[in-house]
Amino acid sequence: MQRFLPLQQMTQVLPTLPKIRLSARLPQLPRYIGLYLISAVIVAAVTLPILYLVIRAAEAGTEGIAYLLRPRTLTIVGNSLVLVAAVVAASAAIGIPFAWLTTRTNLPFRRVWLILGLLPMVIPSYIGAVTIVAVLGPVGYAQQLLAPLGIDRLPEIYGFFGAWLTITLFTYPYFVLPVRAALLKSDPALEEAAHSLGLSRWQVFVRVTLPLLRPALAAGALLTALYTLSDFGAVMVMRYNAFTRAIFTSYNSSFDRSQAAILSLVLVALTIGLLLAERRFAQHQKNYRIGTSVSRPIQSIKLGRWQIPALLFCSLLVTIGVLLPVGVLLSWALNSNVTSAVPIDLNELGWNTFAASGLTALVVGLAALPIAILGLRSSSRLSKMLVSSAYFGNVLPGLVVALALVFFASHALPAIYQTLPLLVLGYAVRFLPYSLAATRSALTQINPSIEDAARCLGKRPWQVTLQITMPLARAGILGGMALVFLNAMKELPTTLILAPIGFKTLATRIWTASENATLALVGLPGLVLMFVAALSLALILWREKY
Amino acid sequence: MLKMHRVIILMSLLVLLALIIFPVAAQDSGERLTLYSGRNEELIAPLIAQFTEATGVQVDVLYGDTAALANQILEEGANSPADIYFGQDAGALGALAKAGVLRTLPSDIMERVPAEFKAVDAMWVGISGRARVLVYNPARVEELGLALPASMVDLAKPEYAGQVGWAPANASFQANITALRVLLGDDVAAQWLADMVANGAVSYGSSNTNLNQAVANGEIAMGITNHYYMFRILAENPEASIAQHFFPAGDAGSLINIAGAGILTTSDQPGLSQRLLLYLLGHDAQQYFADTTYEYPVISGIAVNDRLMPLESIEAPELDLSNLNDLQTTLELIEASGALDE
């Protein structure tokens with residue numbers, strides 16, 4: 001039986017729910033001590049780089065403070081914040097309608113559109129940016145097409161615009177995924193009730209659907225923002241002086257690790273700000289159904305005359321985000337008059353890439369669970385701190401994370417230095433947040449009364465977790481692991497520095513070719529990388545059984 | 001359907017198994033060296049293969065970015081597994097020497113190379129030479145009616161406004177600015193940098209590759225860079241519209257720099273490491289650099305590519321490369337000019 005509440009009351013119920021905490025019904029400690037311990041160990045491992053940064057920054061002493069207060073530091077902070085705001089806004093503007101179109105409407109071929117629309121996230125931003133310059137640069141392919149019209153130069157793409165365009169194109173899927181998951185899981189009865197009570201479809205969307213999506217929107221915005229702050233490829237190619245570029249320049253030009261550490265710590269401070277903002281916005285919402293737990297199929301909305309604009313929107317997105325980079329890579333791959341002294345062994349490259357990224361996905365998927373469960377079960381200050389700290393690594397550029405782990409491993413754990421476990425740890429530091437965000441958002445959709453019922457029926461807490469919580473959150477957990485897999489595949493600086501000597505991946509091979517200015521050799525590994533990543537994406541969508 | 005807890009247990013077992021197996025798999029006996037190479041694998045791998053074939057010594061090579069690898073060695077400190085560092089520029093080698101992580105090289109290595117290509121204190125040795133040049137797009141330069149300048153300093157003149165590219169975060173560029181400082185003084189160098197920024201010099205960050213590609217595409221008319229990038233672009237596309245110009249009369253813009261190598265204090269096999277350096281300075285390897293990378297050999301008796309301007313014909317400035325190690329002031333000047341903020 002569905003409980004029927006008047007609409008106003010119903011929408012008011014949602015924000016008040018968090019106040020009924022699970023902790024009020026079940027005593028907190030000592031039951032969570034195990035969770036706390038496991039989470040603390042994991043968080044300690046992924047925040048090692050922060051410790052390193054503090055050590056290095058402290059070496060600079062008072063000079064460091066002077067460095068920090070220079071106007072240039074402020075400029076960089078401003079540049080980065082403007083870029084983050086613009087990318088998040090644009091990604092939301094693309095991601096929300098796209099997620100809605102592909103889950104809730106009768107858009108033709110919507111599954112195909114969904115997969116195509118998520119594909120840009122498999123494209124590493126360093127490749128994406130180079131292909132965008134190849135097409136939209138001042139004298140790129142687009143200009144050559146327009147040349148007969150007398151256009152001999154397109155306006156500069158470099159700087160803010162290019163960085164914004166590139167990062168938006170390759171990050172809006174981070175909005176689509178959580179929003180789509182929330183749309184699929186949320187109870188259509190709420191919207192139907194609102195509609196039947198006389199709200200127009202638009203009013204339903206704004207007053208019922210969007211508030212329900214808040215945790216998903218917060219998760220999407222957070223992932224997009226973190227990605228933007230830590231992105232390296234796009235800001236380098238597009239020459240926009242954001243944090244990562246400044247940090248890289250500092251390492252590269254002065255071998256001054258203190259300055260780079262100070263800049264990195266500012267980046268961490270910005271992340272703390274973002275996390276606080278996310279927490280405020282998501283408001284610890286729990287969007288489970290009350291009453292019946294039988295999900296009903298969602299009735300799709302007929303687009304009618306909006307079908308054409310919707311199709312145009314999707315086509316445009318897929319053309320710029322997928323066809324353009326793939327086309328450029330293909331044209332490079334087909335340019336066969338270049339030979340290489342280092343044979344491209346796709347078997348070895350593919351397997352290494354798959355092994356390292358797959359292992360990372362498993363490790364990170366497991367590591368995210370206790371932290372996510374802790375964050376949901378306990379609202380103590382300590383648990384909030386642990387959960388938030390797990391996000392820090394993501395915002396640090398790969399180069400910083402990698403050098404930090406070089407420092408710790410070579411001194412404290414030489415046995416794992418330049419071995420696969422250290423590489424996996426490096427990836428885990430960077431990408432745990434993807435898994436954590438997805439797992440947390442999936443957990444908030446589970447009605448705790450189901451877990452409580454299991455407890456009442458005599459199950460131990462860990463049994464409840466394994467037998468009730470995890471199966472219900474499976475789609476979200478797997479989705480998060482797929483994100484980790486994708487990102488580990490694409491990650492370059494961490495791989496270059498932390499991989500065992502001689503361990504080549506698709507990403508490092510692409511780097512070797514592009515460093516050597518042989519774009520023709522970027523094509524093939526680039527396409528294979530995107531293909532494998534796309535397969536993992538397809539696997540996840542298929543597992544979802546939507 | 002699989003029970004969830006079985007899935008978790010299975011996942012954990014898989015992870016454990018993989019983590020245990022992988023590190024063990026790489027063990028192997030015999031003579032082994034570890035080389036950190038800031039030079040590209042495309043270039044180095046064939047040479048290393050020849051060395052291994054000739055000597056039976058296995059070389060594990062960690063390829064990476066010249067500066068990142070130097071930073072990595074500094075982080076590793078006393079625990080560095082590396083025997084040899086091979087970097088793209090004298091600056092990174094200088095930084096390692098200054099940090100005290102390089103060994104003094106024996107005279108049989110140092111004697112092979114003329115003074116202009118090695119460290120005075122014998123901490124590192126040049127393996128190949130590269131010249132700073134002005135690359136330009138002939139079609140674009142003609143279209144704009146520009147004349148090629150007689151000095152690097154002239155690029156700050158109004159007629160070149162917005163037409164000159166550079167890579168101010170690149171080590172080669174920084175060495176170039178150090179040369180300018182040594183030759184003309186800090187004030188002139190600072191003024192020139194500021195004038196260039198005001199004149200709309202286009203920054204390609206640390207990437208000479210992107211700079212040269214942009215010149216070949218006609219995105220920008222000219223740029224100051226290293227001499228060999230142009231040959232790589234021409235190898236891929238012989239029709240590319242790109243040419244180069246050497247500044248005459250000992251101009252700082254015609255600086256000759258090196259890619260070089262040093263042996264680490266942490267190496268427990270300095271003798272074997274020296275063999276590798278001697279091999280890289282041998283006839284075959286030097287001929288290989290000249291043929292493959294269009295760089296200048298550092299020993300005599302090597303035939304160079306005939307498209308290459310002969311080393312003797314370059315009117316390079318009279319400089320001690322070790323003087324290029326004073327990077328600190330150079331970086332302060334570059335940073336103060338705002339060149340890195342673009």
Side-chain angles (χ1 to χ4, degrees), chain A residues 72 75 137-140 236-237 239 241 245-246 248-249 251-255 257 335 337-338 340-342 355 359 362-363 365-366 399 402-404 406-407 410-411 414-421 424 466-467 470-471 474 493 496-497 500-502 508 512-520, chain B residues 3-5 8 11-12 14-15 18-19 22-23 26 34 40-43 45-46 60-65 67-68 70-72 74-77 79-81 92 95 169-171 174 203-207 209-210 212-213 217-219 229 232-233 235-236 292 327-328 331 334-335 340-342:
Chain A
R72 182 160 172 251
T75 315
V139 281
M236 285 305 274
V237 175
R239 310 202 299 260
N241 209 25
R245 189 164 186 258
F248 181 80
T249 306
Y251 266 122
N252 215 18
S253 58
S254 58
F255 301 94
R257 291 160 292 157
N335 177 358
N337 63 22
V338 174
S340 168
V342 186
L359 203 56
L362 288 178
V363 169
L366 286 172
L399 180 69
L403 285 176
V406 164
F407 173 72
S410 65
H411 286 89
I416 68 158
Y417 188 52
Q418 292 177 336
T419 66
L420 196 60
V424 170
L466 288 183
Q467 295 170 9
M470 290 203 35
R474 197 178 50 207
L496 278 177
I497 294 178
I501 291 179
T508 63
T512 302
S514 64
E515 271 294 287
N516 208 28
T518 38
L519 289 179
Chain B
K3 285 271 170 53
M4 206 62 201
H5 65 276
I8 291 220
M11 272 166 61
S12 315
L14 265 177
V15 169
L19 290 182
F22 267 93
T34 301
N40 200 280
E41 183 176 7
E42 287 281 353
L43 171 67
D60 298 318
V61 192
L62 178 65
Y63 294 99
D65 174 78
N71 277 309
Q72 184 166 354
L74 293 176
E75 289 300 355
E76 289 166 347
N79 297 315
S80 178
N170 187 284
Q174 290 156 6
S203 165
Y204 290 83
S206 63
S207 177
T209 300
N210 291 353
N212 280 266
Q213 204 71 55
N217 291 344
E219 278 178 40
Y229 290 93
R232 296 189 194 165
I233 286 174
E236 196 159 346
T292 325
L327 258 182
Q328 200 52 45
L331 289 165
I334 294 177
E335 198 166 286
L340 297 175
D341 299 338
E342 304 277 307

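Computed from a prediction, not measured in an experiment: that's the story for all the values here. Note on naming: letters A, B, ... go to the chains in the order of the sequence lines (proteins, then strands), and numbering restarts at 1 for each one.
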Next item on the list: With rounding to the nearest 0.5 Å, note down the distance linking CG in B:D60 to CD in A:Q418.
Entry: 9.0 Å
Next item on the list: With sequence neighbours left out, write down each residue that passes salt bridge (charged side-chain N to carboxylate O under 4.0 Å, His left out) with B:E76, or none if nothing qualifies.
Entry: none
Checklist line | Side chain, backbone, both or neither of B:T292 within contact of chain A (heavy atoms, under 4.5 Å) | finding: neither
Checklist line | Proximal component of A:L399, with respect to chain B [non-hydrogen, under 4.5 Å] | finding: side chain
Note to self: Looking at every heavy atom in both A:I497 and B:A68, which two are closest together, and how far apart are they?
What the structure shows: CD1-CB, 4.4 Å
Check: So do the side chains of A:T508 and B:E41 get within less than 4.5 Å of each other, counting heavy atoms only?
Finding: no
Check: To the nearest 0.5 Å, how far apart are CG in B:N79 and CZ in A:F407?
Finding: 10.0 Å
Next item on the list: Taking all non-hydrogen atoms of both residues into account, name the closest pair between A:I501 and B:V61 and its distance.
Entry: CG2-O, 3.3 Å
Next item on the list: Please report the shortest heavy-atom distance between A:S410 and B:E75, naming the atom on each side.
Entry: OG-O, 4.0 Å
